[in-house]
Number of protein chains: 2
Amino acid sequence: MFTLAEENYLKTIYHLQQNVGVEVSTNAIAEKLETKASSVTDMVQKLADKQVLSYVKYKGTTLTEKGNEIAVNIIRKHRLWEVFLVEKLHYSWDEVHEIAEQLEHIKSESLIDRLEEFLGFPKVDPHGDPIPDQNGQFKKVEKQLLSQLAKGQKGICVGMKESERNFLRYLDKRSIAIEAEITVISKEDFDDSMQIEVNGNRFFISKKIAENLYVKIF
Amino acid sequence: MFTLAEENYLKTIYHLQQNVGVEVSTNAIAEKLETKASSVTDMVQKLADKQVLSYVKYKGTTLTEKGNEIAVNIIRKHRLWEVFLVEKLHYSWDEVHEIAEQLEHIKSESLIDRLEEFLGFPKVDPHGDPIPDQNGQFKKVEKQLLSQLAKGQKGICVGMKESERNFLRYLDKRSIAIEAEITVISKEDFDDSMQIEVNGNRFFISKKIAENLYVKIF
DNA sequence: AAATATATTTAGACCAGACTAAAAAAATGA
DNA sequence: TCATTTTTTTAGTCTGGTCTAAATATATTT
Ligand SMILES: [Mn+2]
Ligand SMILES: [Mn+2]
Ligand SMILES: [Mn+2]
Ligand SMILES: [Mn+2]
């Protein structure tokens, strides 16, 4: 039905649509896919013919309902495979994305549903991102950056913005992981550093760290 | 390193090399891959440049040591994924090949080794074919066709030649499966049909059935 | 409102991997 | 052996997906 390249375009456009506003620009797509704007124009015209996005010259693109469904399904596959790699094959957070990028394109009517069942219908992937169900439904996780919390607020760690290895190792050392409860003990105005408590341990973290951790308030 | 198309050529040439003699003909490859001879010539020349096979015009090709290794590794991946699909996701024999054809091309240094461990280092795939280890080593299963057994001989079912759905369903109904012990009770000369016993049950099978079941004598 | 800068599209090319049609080599057999 | 058939290769074309360079549209300054 759709080629690997086409699927990657749809997924990328979907993600850009969430972050920014409505219309997704040619250059934005090119940057994300590490390709050239001219290549994007070509592909976007082809995908418009296939009715999965609407495209207005010089203006940008938006996914159609159909395009959205396809994109969400790829994301569903990506995230379920990530869960498999971490839960069953014991990979760590930062190692799974690249492999999932390949696995998400495996074509089969039933495979992903069976995988989902095998995994016990997980609701989030190893990075705290929600996993769409068979119908593409999922609750947007209300995550915000830890840096946005005020003194005294609590949050549950649901993900990381970056997943650079050094950063993940830093977190591991302090037992900060998905599901960990984090309390802001104090916050410095001049450098935005904060003292937090995790699992009974208190320590200081810099602004940079706090801006890379997503938490869910409850 | 190698594209999906290249990997499929290597795998196919490997299989043809086992069945027939030494040199693999252009037409044989074309037939297996359901492509045209001219396409094969092109690809085979490219693969010769890449040192994975040797090619003599009008004569045929043979895999080099390197080509052999690559082919065996793809087969290793294919068969391990087949085990995963059957054992963990509860697919039946005849449903897994197509999906494994895709999964065998996933690229990762560690993935297949972790999968192998997760599966408990299986030695054979769901069709009774041996699974090469990390070094490409495997024992050739000494299988022969059930039709070649004489009256009174016993064998253990290790695989099927064809895996057409109807055939597999026929087998299921008679509880003939991998590992089942089959005894030849009698054999008719005029039509090569035979009476066999499986799990205490006796019944007649035609020549066609007997020629599609592989057994191992012990 | 021009002039300039930036974003986007078009035109033309390339590569991988396939195809058809024609040419050439090898095998077959009268 | 020489004519015919079969196999294989070559030549030329196509499609998907990419690229560079040039053209054109939009945005930003002056
Ligand atoms: Mn990912
Ligand atoms: Mn993820
Ligand atoms: Mn198979
Ligand atoms: Mn198999």
Side-chain angles (χ1 to χ4, degrees), chain A residues 1-14 16-17 19-63 67 70-71 74 101-102 104-105 107, chain B residues 1-14 16-17 19-63 67 70-71 74 101-102 104-105 107:
Chain A
M1 205 61 181
F2 287 86
T3 67
L4 191 144
E6 289 171 337
E7 288 190 346
N8 281 335
Y9 272 90
L10 290 174
K11 189 181 55 159
T12 298
I13 294 167
Y14 176 89
L16 288 169
Q17 220 162 241
N19 294 342
V20 198
V22 205
E23 314 280 25
V24 179
S25 80
T26 300
N27 266 3
I29 299 168
E31 197 183 341
K32 269 261 179 169
L33 283 172
E34 296 179 67
T35 183
K36 297 296 150 112
S38 55
S39 308
V40 173
T41 301
D42 276 359
M43 179 61 95
V44 144
Q45 287 171 346
K46 203 175 73 180
L47 290 172
D49 289 348
K50 289 197 173 191
Q51 320 268 7
V52 288
L53 54 79
S54 65
Y55 163 66
V56 182
K57 259 194 195 175
Y58 295 105
K59 192 152 170 269
T61 65
T62 40
L63 295 184
I70 295 168
I74 298 164
E101 285 290 304
Q102 299 176 62
E104 74 190 6
H105 300 290
K107 274 150 186 70
Chain B
M1 203 62 180
F2 288 86
T3 65
L4 191 144
E6 289 171 337
E7 288 189 347
N8 280 335
Y9 272 90
L10 291 174
K11 191 181 52 158
T12 297
I13 294 168
Y14 175 88
L16 288 170
Q17 219 162 241
N19 293 342
V20 197
V22 205
E23 314 279 25
V24 178
S25 79
T26 300
N27 266 3
I29 300 169
E31 197 183 340
K32 267 259 179 173
L33 284 172
E34 295 180 69
T35 182
K36 297 294 150 114
S38 55
S39 308
V40 173
T41 301
D42 276 358
M43 180 59 95
V44 145
Q45 288 171 346
K46 203 175 74 180
L47 290 173
D49 290 347
K50 288 198 174 189
Q51 321 266 7
V52 289
L53 54 80
S54 66
Y55 162 66
V56 183
K57 257 194 198 174
Y58 293 104
K59 193 154 167 269
T61 64
T62 40
L63 294 185
I70 296 168
I74 298 164
E101 284 290 305
Q102 300 176 61
E104 73 190 5
H105 301 291
K107 275 152 186 71

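Side chains included, hydrogens not; waters and symmetry mates left out as well; all remaining heavy atoms used. Just so we're on the same page: letters track the sequence lines, and every chain starts at 1.
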Pairwise side-chain contact, [X] with [Y], heavy-atom cut-off 4.5 Å (strictly under):
X     : Y      : result
B/L4  : B/Q102 : no
B/K50 : B/M1   : no
A/K32 : A/K11  : no
A/E31 : A/V40  : no
A/L53 : A/V44  : yes
A/T61 : A/Y9   : no

(request) Quick one: pull up CG in B/D49 and OH in B/Y55 and give me the separation to the nearest 0.5 Å. (result) 11.0 Å

Roughly, in whole Å, what's the span from [atom1] in [X] to [atom2] in [N]?
X     : N      : atom1 : atom2 : result
A/N8  : D/dG16 : CG    : P     : 17 Å
B/L47 : C/dA16 : CG    : P     : 12 Å
B/I29 : D/dT7  : CD1   : P     : 15 Å
B/D49 : C/dA16 : CG    : P     : 11 Å

(request) Check DNA chain C against residues 35-44 of chain A and give the residues with a non-hydrogen atom under 4.0 Å, in numerical order. (result) A/A37, A/S38, A/T41

Is the phosphate of [N], meaning OP1 or OP2, less than 4.0 Å from a side-chain N or O of [X]?
X     : N      : result
B/N27 : D/dT6  : no
B/Q45 : D/dT10 : yes
A/Y9  : D/dT18 : yes

(request) Please answer whether the main-chain N or O of B/H105 pairs with a side-chain N or O of B/E7 as donor and acceptor at a distance below 3.5 Å. (result) no

(request) Would you give a per-nucleotide map of nucleotides 22-27 of chain D, 5' to 3', where B means the base has a protein non-hydrogen atom under 4.0 Å away, S means only the sugar-phosphate does, and - means neither? (result) --BSS-

